[in-house]
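The chains referred to below are lettered A, B, ... by the order of the sequence lines, with proteins before strands, and numbering in each begins at 1. Only this structure's heavy atoms are used, side chains among them; waters, hydrogens and symmetry mates stay out.
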Amino acid sequence: MIEFQNVSVEYPGPIFGLNGVDLSVGAGEFVFLVGQTGSGKSTLLKLLIRELVATRGRVLIEGRDLSTVTEAGIPALRRQIGFVPQEIGLLPQKKVYENLMYAMRAAGHTRREARTRVPDLLDRFGLILRSDAYPRELSGGEQQRIAIARALVNNPKLLVADEPTGHLDPETSLDIIGVLEQVNTRGTTVIMATHDFQTIQAFQRRVVRLENGRVVSDEFGVGAGDA
Amino acid sequence: MLDRIEFVIEEAVVALKRNGMMTIAAISTAAIALLIFGGLGHAYLSLVSYLDSLQSEFELTISIEGDLPPSQLHKMAQELRAIPGVDSVVLLPRDREWEKFIEKQNLKDLYAGQPNPFPDQFRVRLVRLEDADSVKKALLEHPQTLKEHGVRDVARDREFAINLIKLVRLLGGLLTVLSFFAAGTLIYNTVRLTVLSRRNELRIMALVGASRATIRWPFLLEGGIQGALGGLVAGLILWGISYYITAQSINWLGLGRQAESGIQLGPVILVLVAIGASLGILSAALSVRKFLRLGA
């Protein structure tokens with residue numbers, strides 16, 4: 001499904017965000033992308049949603065080279081990819097229900113479609129009883145669940161989460177990863193970036209480790225603890 | 001489609017409400033700019049129309065003292081034709097001129113029943129413009145010529161009108177450019193504030209795959225509404241000013257009629273609203289352009 005072929009991203013300096021990365025992720029996989037701050041995790045995710053373009057190499061999703069996606073084609077690409085940003089970014093003046101309605105309608109869905117899908121999403125993520133709450137009235141874990149639900153408004157085949165447990169306690173982090181696993185069991189490919197090595201040890205999943213913009217290990221359920 | 005329009009309108013209204021005072025400032029400035037533009041535009045068009053109404057610069061018009069019978073008018077015409085430098089002489093009967101004046105001003109009701117203030121006149125065409133002064137002197141010496149302002153030199157009226165038009169065009173152009181720039185800058189800044197205060201929404205829109213049009217149009221609409229409201233306010237003020245001036249003139253002339261505005265409210269508002277909306281959309285488009293980049 002996803003192919004990184006000798007991908008490098010060079011920032012002015014020059015600094016390498018990524019340096020010759022080769023990586024392949026199959027449809028329906030769950031991949032943890034681990035590494036310290038500045039290792040290149042976020043850069044790799046930004047390439048997938050076409051916020052960045054590789055300086056060298058190719059990034060392909062379902063055979064399509066993302067460097068060929070024009071500015072006008074980016075919205076269509078992003079409707080196929082759910083993205084959970086590091087900063088969560090819920091709209092504080094809107095209630096939980098309205099946050100999801102807003103995202104759906106901005107993505108081009110009609111009000112009627114949004115009214116059908118939003119309660120389903122809230123129910124699925126155990127937040128139906130919190131739909132009238134404002135983000136400030138939610139716990140960190142609940143806010144992150146909303147952010148994940150929002151990333152799924154377009155029913156994407158790929159979900160990309162950038163440090164979704166970064167500011168959560170270990171117990172809530174486990175809960176959030178559990179939520180992402182649920183999403184994955186429904187057939188959605190999940191790529192989650194994290195520097196929280198301890199938490200992901202509990203999950204027997206593929207772990208890709210990045211250091212200084214390079215892939216230094218790619219193992220199934222092992223090796224993360226060594227980091 | 002309707003659903004998209006509804007979404008765009010909702011977002012624009014939210015932005016207008018959120019910006020409060022800045023929105024009011026932008027509307028006020030747009031109104032002032034359009035008022036200057038509309039007022040000077042109206043003055044300019046009136047002057048051009050006046051210029052068109054002036055006769056050829058080879059002509060002089062003389063007004064006749066008293067109410068002469070046709071035979072004497074005929075005799076006087078012959079005497080005028082005899083003056084060296086005069087090419088032709090045409091009688092302008094006072095009744096016909098009064099009718100033409102009322103018809104041209106489109107104020108039949110206002111002038112109905114009023115006494116005719118026009119004297120009988122002759123239009124004297126010159127052979128050459130250089131003879132204007134000598135012919136004018138001869139005409140003034142004629143015993144039947146009205147003593148005060150008896151000879152009207154159209155060439156001088158025309159010259160004055162042309163100079164006035166030049167001044168209005170220069171002043172109007174300068175003031176319009178300045179005021180449009182001020183209004184455009186304010187709308188630009190207001191929309192920029194909206195963009196900055198809504199960066200979170202913009203980010204979410206971009207991430208969930210909102211089209212560029214969905215992201216852009218609420219801001220353009222916000223600018224357009226500000227400009228259009230400015231145009232509406234300017235149109236109403238302009239109409240009011242014109243109404244006031246007409247009312248004062250009627251009162252001063254003692255015509256005892258009901259005042260009307262010299263400006264047609266509908267078309268003027270339509271034009272100013274359209275110009276205001278265009279100005280607003282253009283300013284907003286410039287303001288939001290940088291923030292519309294979705295990718296590298």
Can you confirm whether more than 12 heavy atoms, excluding those of B/F181, are under 6.0 Å from its CZ atom?
no

Please examine the side chains of B/D3 and A/H109, heavy atoms only from C-beta on, and report whether any two atoms are closer than 4.5 Å.
no

Salt bridge or not between A/R111 and B/E10? Use side-chain N to carboxylate O under 4.0 Å.
yes

Between CZ of B/F7 and CE of A/M104, what distance do you get to the nearest 0.5 Å?
12.0 Å

Which heavy atom of B/N200 sits nearest to which heavy atom of A/P92, and what is that distance?
ND2-CD, 4.3 Å

Considering non-hydrogen atoms only, spot the tightest contact between A/A106 and B/A210 and give its length.
O-CB, 3.0 Å

Which heavy atom of B/R203 sits nearest a heavy atom of A/P85, and at what distance?
NH2-CB, 4.2 Å

Given side chains that start at C-beta, do those of A/Q93 and B/E201 come closer than 4.5 Å, heavy atoms only?
yes

Can you confirm whether more than 12 heavy atoms, excluding those of A/K94, are under 6.0 Å from its NZ atom?
yes

Which heavy atom of A/A103 sits nearest to which heavy atom of B/I204, and what is that distance?
CB-CG2, 4.4 Å

So, the part of A/Q80 with a heavy atom under 4.5 Å from chain B: the answer is neither

Of B/G209, B/A206, B/S211, the largest count of non-hydrogen pairs under 4.5 angstrom with chain A goes to B/G209

Salt-bridge present (A/R112, B/E6; N to O < 4.0 Å):
no

Among A/L91, A/L90, A/V153, A/V69, which residue forms the greatest number of heavy-atom pairs with chain B at distances under 4.5 Å?
A/L91

Which heavy-atom pair separates A/N154 from B/V208 by the least distance, and what is that distance?
ND2-O, 2.8 Å

Is A/L77 in contact with chain B via its backbone, its side chain, both, or neither, using a 4.5 Å heavy-atom distance?
neither

